[in-house]
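First up is the structure itself, then whatever we jot down about it.
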2 protein chains.
Amino acid sequence: MATTLHDVAKLAGVSAKTVSNVVNDYPHIKQATKERVLAAIAELGYRPNLSARGLRSGRSGVISLIIPDLRNSYFAELADAVMHAADQLGLSVLIELSGGDRAREAELLRGARLRAVDGVLYSALHLGDEDLAVVEEVTIPMVLLGERMFNAPNDHVTMRNTEGARAATEHLIALGRTRIVAFGAHRADIVSSASLRLAGYRAALDAAGMVFDPALVREVPVWGRFDGAVAMRAMLDEGVAFDGIVAFNDALALGAMRVLSERGVAMPDEVAVIGFDDIDEGRYSLPSLSTIAPGREQIARTAVSLLIERIAGGVDDVPPRRVYADFELVRRESTATSPVGADSSAADVS
Amino acid sequence: MATTLHDVAKLAGVSAKTVSNVVNDYPHIKQATKERVLAAIAELGYRPNLSARGLRSGRSGVISLIIPDLRNSYFAELADAVMHAADQLGLSVLIELSGGDRAREAELLRGARLRAVDGVLYSALHLGDEDLAVVEEVTIPMVLLGERMFNAPNDHVTMRNTEGARAATEHLIALGRTRIVAFGAHRADIVSSASLRLAGYRAALDAAGMVFDPALVREVPVWGRFDGAVAMRAMLDEGVAFDGIVAFNDALALGAMRVLSERGVAMPDEVAVIGFDDIDEGRYSLPSLSTIAPGREQIARTAVSLLIERIAGGVDDVPPRRVYADFELVRRESTATSPVGADSSAADVS
DNA sequence: TTGAAAGCGCTAACAA
DNA sequence: TTGTTAGCGCTTTCAA
């Protein structure tokens, strides 16, 4: 079998506790002892049994990240950022995929796996304030990501959705666009990224004294490229007139742009497009895609930090914190004033 | 504290062992006993402590997936497929990112985390046969993914790189292209996806009686969109003439296509492009990108199955297995014979 | 079909 | 600064 603490202790001529102290960087150890132990560890190739440590200490050094899927670039890039943040703080990340399925979103919160991790970062698409009971049953530290479940008693990290959508819309208005589509709305009655972004869109129109036209609000329940393409195709077929699109995420925008190109609609001249998320792909599309960058790194770092604080304890009496990451308007060709190709070093490709 | 097996046992009026049997679906249990235990579990909200189980049984129910990063769509989609395959077999996946860093690729193989998991799926970019010593030190079951380390004593799942590249090249040759770029070559002296794909490219040229022109082999060390764009820009600036591109992955192809579009090069008329990986994004680019689909799902399912077999044991005397997944040539607009736009339901968007 | 006893490898609490 | 004792919650082994 694998070597244990005791094997090391025997070889080094010390007690198991001393070896444990060395392994855990306990400060008060005589240098000579430490070196002897370290030598024994190296000689035997000892590596601690994390299950035993976890059982004894109640800590596993692992956190869960629950997200819909990894095929979606936004979540893949978010997961990447979370893993780097966690790694720097000595934590491993166990990813669990809800598949955007409501039942599974709830199920994962109840699963046994959640007893094996120290904390969880949870990003739901469907679970909302009406499911608070499930959320409150979670006994380990949990930090919420995204827009759902605003009333849960947990720390919560999210972007400034409304302000971001407003900035995006104002950007198009400043370009002189008058018929701007809100692309990717959801059912209006629940708080979600979609409803917050729609509110920002409306606020921008109101502030500019523009009329809100419901015909320009396009519902797209799923925010993928495919869904964006289908919805845009339908919109064009219906003959709706528009000269700008605020897409509620980049994937939707990219799907829509593909259809606009097929139909020979010039971007940004005939239709200017801006998305949300700043996924890498948007830098290389044609035209490159203007977007609202949500502050992904900041979200990841903040979420992991808040979670670690809760895991460490000592903040039990601190009420739920809500952190809003800073967004940034990224201007690319899809909302440029000069036509595509005028600047051959376009986008940030160069 | 959380409820334990004993709490359940006490409430149900049975021994801990019986509860354990129920939890683990041990077959020979009287129905009445089982129901009583189940009721007690439900009443107390009992969930097993995975650390304790892991300590006792030597199994954690977790496997590691070591990949370069998640910003790269290929790996994100691969990870997604692996997680689904693992989930169906009751395993959780702990992802570790090597960042495409050679030292870290080795370090992760030695880490303590690898003692806490039952097995590992390992995809290296840099570690090769010259690092066999590190690989051989891994004591838990390990299945290799990708092209590196062909001589390691492990099961290995990969795509048919050479055949795939040959099919891609032959596809362009059939289109009448005569000056085809091999885009994304690496140092020739090591076995890698790049060298295998280059071999396939050469084989296709040879079979067609075409001359191999080293000027058409373009080295691009990193396979990202950005790198593809930079390399293509350089190539155009150098004035190399070509009418086809076999890009060694889709990201490279997409980066190159962006530059070709900027420069007004018509695709596929002036330059036909085909990539590798079949990432989702290629369906929505303009033109949509023809590609070699590597059989990602098959790779994921097979790798997880092989790993589980090794974990379960009983195959210790079975020599290392090598599985080659089936690839598929996916024809899209970037190698279509009719010009883009002729078919408005282009790509598989519709 | 069920129970009793033992102990996986580690660290917390305390003692020396 | 280091050692001793105990036990985390579970499953394995063996017995009944």
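Below, all heavy atoms of this structure are taken into account, side chains as well, without hydrogens, waters or symmetry copies. So you know, we letter chains A, B, ... as the sequences are listed, proteins then strands, and number each from 1.
- Residue-level contact check: A:I29 touches the backbone only, with heavy atoms under 4.0 Å from sugar-phosphate atoms and none from bases.
- The CD atom of B:Q31 sits 10 Å away from the P atom of C:dT2 (whole-angstrom rounding).
- Residues satisfying the side-chain hydrogen bond (donor to acceptor under 3.5 Å, both in side chains) criterion with A:S60, sequence neighbours excluded, are A:D118.
- Residue B:K30 places its side chain closer to C:dT2 than to any other of C:dT11, C:dT2, D:dT11.
- By the 4.0 Å N-to-carboxylate-O rule, A:D155 lies close enough to A:R310 to be salt-bridged with it.
- We find that CD1 of B:I41 is positioned 10 Å from P of D:dC10, with the value rounded to whole Å.
- If you measure from atom NE2 of B:H6 to atom C1' of C:dT2, you get 14 Å, rounded to the nearest angstrom.
- With a 4.5 Å cut-off on side-chain heavy atoms, B:Y122 and B:L109 count as touching.
- If you measure from atom CZ of B:R36 to atom P of C:dT1, you get 15 Å, rounded to the nearest angstrom.
- Regarding B:K10, its NZ atom lies at a distance of 12 Å from the P atom of D:dG9, rounded to whole Å.
- A sub-4.0 Å separation between OP1 or OP2 of C:dC10 and a side-chain N or O of A:Y46 is present.
- Minimum atom distance to the side chain of B:T33 is reached by C:dT2, of the listed D:dT11, C:dT2, C:dG9.
- When only modelled atom types and interatomic distance are considered, A:R113 and B:S92 share a side-chain donor-acceptor pair under 3.5 Å.
- At a cut-off of 3.5 Å, with distance as the only test, a side-chain donor of A:T158 or A:E147 sits close to an acceptor on the other residue.
- Between atom CG of residue B:N154 and atom CG of residue B:L121 there is a gap of 11.0 Å, rounded to the nearest 0.5 Å.
- The separation between A:K34 atom NZ and D:dT2 atom C1' is 15 Å, rounded to whole Å.
- A salt bridge between A:R102 and A:E107 is absent, with no side-chain N of the basic residue lying under 4.0 Å from a carboxylate O of the acidic one.
- B:S51 comes within 4.0 angstrom of no nucleic acid atom, judged by non-hydrogen atoms across all strands.
- Rounded to the nearest 0.5 angstrom, B:T18 OG1 and B:K30 NZ are separated by 10.5 Å.
- Ionic pairing of B:R296 and B:D80 is not present here: no N-O contact between side-chain nitrogen and carboxylate oxygen is shorter than 4.0 angstrom.
- Put simply, A:S57 has no side-chain N or O that comes within less than 4.0 Å of OP1 or OP2 on C:dT11.
- Relative to the side chain of B:N49, the nucleotides D:dG9, C:dT11, D:dT2 differ in distance, and D:dG9 lies closest.
- Across the protein-nucleic acid pair, B:L55 atom CG and D:dG7 atom P stand 17 Å apart, rounded to whole Å.
- Following rounding to the nearest Å, B:R53 (CZ) and C:dC8 (C1') show an atom-to-atom distance of 15 Å.
- Atom-to-atom distance recorded for A:I41:CD1 and A:R36:CZ is 12.5 Å, nearest 0.5 angstrom.
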Give each protein N/O atom lying under 3.5 Å from an N/O atom of nucleotides 3-6 of chain C, with the pair distance.
from  : atom 1 : to    : atom 2 : distance (Å)
C:dG3 : OP2    : B:S15 : N      : 2.9
C:dG3 : OP2    : B:S15 : OG     : 3.0
C:dG3 : OP2    : B:T18 : OG1    : 2.3

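- Stems are defined here as 3 or more consecutive Watson-Crick or G-U wobble pairs with pairing distances under 3.5 Å; those involving DNA chain C are C:1-16 with D:1-16.
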